[in-house]
A.B. asks: 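Before I ask anything, here is the structure I am working with.
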Amino acid sequence: MDSSRVTLRPYKLSDLDDFLKWACDDRVTRDVRFKAITSQEEALAYLEKVAIPHPWHRSICVDDRSIGYISIKPESGEEDECRALIGYALASEYWGQGITTLALKTAVSKVFDEMPGLVRLPVLVDVENKGSQRVVEKVGFAKEGLLRSYGYCKGKIRDVFIYSLLATDQVN
């Protein structure tokens with residue numbers, strides 16, 4: 001895919017139909033906190049209440065059409081403001097094309113500039129999600145270890161790998 005076609009931008013209400021196309025796919029939402037969104041009403045509520053007001057929830061777009069998201073959520077509390085947790089998902093028809101890697105590299109390069117005081121970006125990846133493990137490793141995240149029975153998602157306790165990228169790390 002031509003990288004000039006891939007962009008990150010804040011969500012808009014006009015993304016509703018594109019968002020719904022991938023947010024209803026159980027394969028896409030398997031490892032994210034929200035369940036598959038199956039109606040326009042649910043999609044609209046998510047955009048209005050979660051995606052649009054979030055300080056760093058960006059739509060991954062190809063030719064300005066929403067095909068996924070990257071969310072970077074700063075930890076709360078004075079002691080934890082130096083960290084922000086990353087989440088992302090991409091429409092399954094675009095898997096394996098390098099789009100998530102490109103989008104994550106772009107997000108990381110921007111977020112350290114936009115969030116003063118941010119030192120560390122951790123990301124939790126399900127041990128079974130080999131594709132996501134490859135993405136974060138390509139972006140330059142360091143694998144720090146296995147967190148056993150750490151993640152709770154879709155009614156199941158899961159083992160996850162923790163990766164991190166520091167502000168001082170080089171992003172290629």
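Note: hydrogens, waters and symmetry copies are ignored here, and every other heavy atom, side chains too, is used. For clarity, every value in this text was computed on a predicted model and none was experimentally measured.
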A.B. asks: With a 4.0 Å cut-off, would you call E93 and R27 a salt bridge?
C.D. replies: no

A.B. asks: Report yes if some heavy atom in the side chain of D159 is under 4.5 Å from a heavy atom in the side chain of Y150; otherwise report no.
C.D. replies: no

A.B. asks: When you measure from the side chain of S132 to the backbone of N129, do you find a donor-acceptor pair of N or O atoms at a distance under 3.5 Å?
C.D. replies: no

A.B. asks: Is there a donor in the side chain of Y94 and an acceptor in the side chain of T100, or the other way round, less than 3.5 Å apart?
C.D. replies: no

A.B. asks: Does V28 share a hydrophobic cluster with L102, counting links as ILVMFWY side-chain heavy atoms below 4.5 Å and allowing steps through other members?
C.D. replies: yes

A.B. asks: Check this for me, if you would: do R65 and D63 make a salt bridge, where the nitrogen-to-carboxylate-oxygen distance has to be below 4.0 angstrom?
C.D. replies: no

A.B. asks: Do F161 and D126 come close enough that some side-chain heavy atom pair is under 4.5 Å?
C.D. replies: no

A.B. asks: Any donor and acceptor pair, going by atom type alone, linking the side chain of Q133 with main-chain N or O of V127 inside 3.5 Å?
C.D. replies: yes

A.B. asks: Decide yes or no for R30 and E128: does some side-chain heavy atom of the first lie under 4.5 Å from some side-chain heavy atom of the second?
C.D. replies: yes

A.B. asks: Taking atom types as modelled, find out whether Q40 and D17 have a side-chain donor-acceptor pair closer than 3.5 angstrom.
C.D. replies: yes

A.B. asks: My understanding is that only residues two or more places apart in sequence, or in another chain, count here; which of them pass side-chain contact (heavy atoms from CB on, under 4.5 Å) with S4?
C.D. replies: D2

A.B. asks: Quick one: does M115's side chain get under 4.5 Å of W56's, heavy atoms only?
C.D. replies: yes

A.B. asks: Hey, does I52 have a side-chain heavy atom less than 4.5 Å from the side chain of H54?
C.D. replies: no

A.B. asks: Do NZ/NE/NH1/NH2 and the carboxylate oxygens of K35 and E42 come within less than 4.0 Å?
C.D. replies: yes

A.B. asks: Any side-chain to backbone donor/acceptor pair from W95 onto L90? Under 3.5 Å, distance only.
C.D. replies: yes

A.B. asks: Do S149 and I157 come close enough that some side-chain heavy atom pair is under 4.5 Å?
C.D. replies: yes

A.B. asks: I'd like to know if L13 and L16 are part of one continuous hydrophobic network [Ile/Leu/Val/Met/Phe/Trp/Tyr, side-chain heavy atoms within less than 4.5 Å].
C.D. replies: yes

A.B. asks: So, does D15 use its side chain to make a donor-acceptor pair with the main chain of K12 at under 3.5 Å?
C.D. replies: yes

A.B. asks: Could you tell me if S59 and R9 have a donor-acceptor pair between their side chains, going purely by distance under 3.5 Å?
C.D. replies: no

A.B. asks: With ring centroids as reference points, do F19 and Y69 lie under 6.0 angstrom apart?
C.D. replies: no

A.B. asks: Can you find a heavy atom in the side chain of F141 that is under 4.5 Å from one in the side chain of V108?
C.D. replies: yes

A.B. asks: Checking Y163 now: which residues fulfil ring-ring contact (aromatic ring centres under 6.0 Å, His included) with it, not counting sequence neighbours?
C.D. replies: none

A.B. asks: Any side-chain heavy atom of P10 sitting closer than 4.5 Å to one from R58?
C.D. replies: yes

A.B. asks: Determine yes or no for a side-chain-to-main-chain donor-acceptor pair under 3.5 angstrom, with E137 supplying the side chain and K143 the backbone.
C.D. replies: no

